[in-house]
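The next block holds one structure in the form of structure tokens; read it before the comments.
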Protein chains: 2
Amino acid sequence: MKGTAELLKEHQLKVTPQRLKIVKMLEKHGHINIEDLYKEMLKEFPSVSLATIYKNINQMIESGLIQEVKLPETKSVYELIKEPHLHMVCDKCHKVEDIVIGTEKIIEEAEKVSGYIINESFITLRGICPDCQKR
Amino acid sequence: MKGTAELLKEHQLKVTPQRLKIVKMLEKHGHINIEDLYKEMLKEFPSVSLATIYKNINQMIESGLIQEVKLPETKSVYELIKEPHLHMVCDKCHKVEDIVIGTEKIIEEAEKVSGYIINESFITLRGICPDCQKR
DNA sequence: GTCGACAGGAAAATAATTTTCTTTTAAGAA
DNA sequence: TTCTTAAAAGAAAATTATTTTCCTGTCGAC
């Protein structure tokens with residue numbers, strides 16, 4: 001288990017209280033949008049500026065610590081970069097989850113059909129999560 | 001082959017020169033962002049307003065004629081709704097193409113792993129297109 | 001051809017994001 | 001620990017993106 005401060009240092013980012021909080025929020029929530037992140041930050045740093053949030057998010061993206069996830073029908077969310085995964089979005093409760101499954105098959109097929117050499121895939125699936133199915 | 005005006009009527013949208021042009025642009029380019037659409041529209045309608053573009057795009061989305069496609073690293077583009085497909089984006093020339101391949105396998109696998117009932121998939125693959133591979 | 005609902009255009013309003021500038025702070029050197 | 005400096009934070013302004021308002025003009029049913 002890697003410390004939050006170490007994570008920042010590994011990405012050449014100075015360790016500041018605001019950055020620590022941002023990363024901890026990402027660790028806790030998995031995915032979060034700018035607005036919610038700002039609201040949460042305000043609780044701990046009443047005078048935090050939205051500009052600070054934006055600047056840090058952009059720096060974290062540039063340094064390869066986090067990435068933006070564009071989802072249909074909603075604002076983008078951000079997540080820590082880890083192993084490649086798909087996104088599941090629930091139509092009812094709107095939660096976002098990661099799942100790891102093989103994508104070799106579909107990528108191979110897409111390469112064959114399109115002639116592209118594929119470097120990365122972005123897959124989002126929307127539907128009803130197990131919890132919402134029960135209701 | 002369906003006429004452009006008919007397409008609009010089918011979606012309860014009054015046929016206006018501006019709307020015709022927008023749909024024709026979509027038919028021609030396949031995918032286009034707001035900025036480029038506006039620039040092209042200006043050539044034919046020198047006094048067209050950006051508000052008109054936005055209002056029409058939103059109405060076309062609501063009526064189910066077009067949809068927004070969110071792509072990594074770029075602004076959203078819009079496309080006419082047709083059969084389900086994947087998006088291929090070239091890292092070099094940045095073109096966007098559609099391909100139709102089966103997604104049942106990966107969806108089935110995702111449903112099994114996640115417990116979700118999946119309603120729709122959004123798949124974008126980025127890489128190098130055949131043309132750019134030759135260079 | 002007439003009329004009403006709705007579309008277009010201009011401008012203002014709102015929202016989202018970035019930039020600028022000044023003050024404060026993290027962190028390596030002394 | 002203290003000193004120093006590059007960089008971060010915060011406030012405000014600037015920029016960009018999108019939506020709304022309001023007035024005029026036009027599509028299309030009659």
Side-chain angles (χ1 to χ4, degrees), chain A residues 3-26 32-63 65-78, chain B residues 3-26 32-63 65-78:
Chain A
T4 308
E6 284 63 43
L7 253 183
L8 286 170
K9 284 180 195 153
E10 279 173 16
H11 290 83
Q12 288 69 251
L13 296 167
K14 263 200 204 174
V15 178
T16 67
Q18 292 84 346
R19 283 180 178 164
L20 280 171
K21 177 72 177 176
I22 291 174
V23 175
K24 282 187 177 134
M25 295 280 303
L26 289 169
I32 194 163
N33 66 34
I34 296 284
E35 192 185 340
D36 292 346
L37 180 55
Y38 180 50
K39 281 186 200 156
E40 287 292 313
M41 293 286 291
L42 277 175
K43 292 180 188 170
E44 192 162 332
F45 305 95
S47 69
V48 74
S49 160
L50 244 186
T52 297
I53 310 278
Y54 277 109
K55 281 184 284 193
N56 278 320
I57 286 292
N58 287 333
Q59 287 169 148
M60 288 177 187
I61 289 172
E62 279 162 37
S63 72
L65 175 57
I66 70 173
Q67 64 191 354
E68 180 180 2
V69 180
K70 294 187 177 185
L71 301 172
E73 320 274 299
T74 358
K75 278 184 260 194
S76 289
V77 295
Y78 300 85
Chain B
T4 307
E6 284 63 42
L7 254 183
L8 286 170
K9 285 180 196 153
E10 280 174 16
H11 289 84
Q12 287 71 249
L13 295 167
K14 263 196 203 175
V15 178
T16 68
Q18 293 85 344
R19 284 180 177 164
L20 280 171
K21 177 70 177 177
I22 291 174
V23 175
K24 282 187 176 134
M25 297 279 302
L26 289 168
I32 194 163
N33 66 35
I34 297 283
E35 193 184 339
D36 292 345
L37 181 54
Y38 180 50
K39 281 185 199 154
E40 286 294 311
M41 293 285 292
L42 277 174
K43 293 179 187 170
E44 193 163 334
F45 306 95
S47 68
V48 74
S49 160
L50 246 186
T52 297
I53 311 278
Y54 277 108
K55 282 185 283 192
N56 278 321
I57 287 292
N58 288 332
Q59 285 168 152
M60 288 177 187
I61 289 173
E62 278 162 38
S63 72
L65 174 58
I66 70 174
Q67 64 191 355
E68 180 179 2
V69 180
K70 294 188 176 183
L71 301 171
E73 323 272 297
T74 359
K75 278 185 261 195
S76 289
V77 295
Y78 298 85

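Computed from a predicted structure; not experimentally measured. Proteins get letters first, then strands, A, B, ... in listed order; numbering begins at 1 in each.
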Measure [atom1]/[X] against [atom2]/[N] and give the value in whole Å, please.
{"X": "B/K21", "N": "C/dG9", "atom1": "NZ", "atom2": "P", "answer": "14 Å"}
{"X": "A/I34", "N": "C/dA15", "atom1": "CD1", "atom2": "P", "answer": "17 Å"}
{"X": "A/I57", "N": "D/dA9", "atom1": "CD1", "atom2": "P", "answer": "12 Å"}
{"X": "A/L42", "N": "D/dA9", "atom1": "CG", "atom2": "P", "answer": "14 Å"}
{"X": "B/L8", "N": "C/dG8", "atom1": "CG", "atom2": "P", "answer": "10 Å"}
{"X": "A/L13", "N": "D/dA7", "atom1": "CG", "atom2": "P", "answer": "12 Å"}
{"X": "B/R19", "N": "D/dG28", "atom1": "CZ", "atom2": "P", "answer": "9 Å"}
{"X": "A/E44", "N": "D/dG10", "atom1": "CD", "atom2": "P", "answer": "12 Å"}

For B/E6, does the CD atom have more than 12 heavy-atom neighbours from other residues, nucleotides or ligands under 6.0 Å away?
yes

For C/dT17, take OP1 and OP2 only and decide whether either is under 4.0 Å from a side-chain N or O of A/N58.
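Checking A/N58 against C/dT17: no side-chain N or O falls below 4.0 Å of OP1 or OP2.
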
Answer whether the closest heavy-atom distance between the side chains of A/L65 and A/L26 falls below 4.5 Å.
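Of all side-chain heavy-atom pairs linking A/L26 with A/L65, none is under 4.5 Å.
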
Starting the side chain at C-beta, find the nucleotide from [options] nearest to [X].
{"X": "B/T16", "options": "C/dA10, C/dA26, D/dC27", "answer": "D/dC27"}
{"X": "A/K14", "options": "C/dT25, D/dT19, C/dG8", "answer": "C/dT25"}
{"X": "B/T52", "options": "D/dT18, D/dA9, C/dG8", "answer": "C/dG8"}
{"X": "B/Y54", "options": "D/dA11, D/dA17, C/dT18", "answer": "D/dA17"}
{"X": "B/S49", "options": "C/dT19, D/dG10, C/dA10", "answer": "C/dA10"}
{"X": "B/Q18", "options": "C/dA26, D/dA11, C/dG8", "answer": "C/dG8"}

Please figure out whether A/P17 or B/A51 has its closest DNA chain D nucleotide nearer the 5' end.
A/P17

What nucleic acid atoms does B/Q59 come within less than 4.0 Å of, heavy atoms only: base, sugar-phosphate, or nothing?
sugar-phosphate

So what does A/K9 hit on the nucleic acid, given a heavy-atom distance under 4.0 Å: a base, only sugar-phosphate, or nothing?
nothing

Under a 3.5 Å cutoff, is there a donor and acceptor pairing between the side chains of A/E68 and A/S76?
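There is such a pair between these side chains.
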
Compute the angle between the rotation axes at the two ends of the helix from C/dG1-D/dC30 to C/dA30-D/dT1, each taken over five pairs, rounded to 10 degrees.
40°

So which atom in [X] and which in [Y] form the shortest heavy-atom distance, rounded to 0.1 Å?
{"X": "A/F45", "Y": "A/K21", "value": "CE1-CB, 3.7 Å"}
{"X": "B/L13", "Y": "B/R19", "value": "C-NH1, 3.7 Å"}
{"X": "A/I57", "Y": "A/Y78", "value": "CG2-CE2, 3.7 Å"}
{"X": "A/D36", "Y": "A/N33", "value": "N-OD1, 2.7 Å"}

If only atom types and distance count, is the side chain of A/K70 paired as donor or acceptor with the main-chain N or O of B/P72 below 3.5 Å?
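Pair absent, no side-chain N/O of A/K70 close to backbone of B/P72.
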
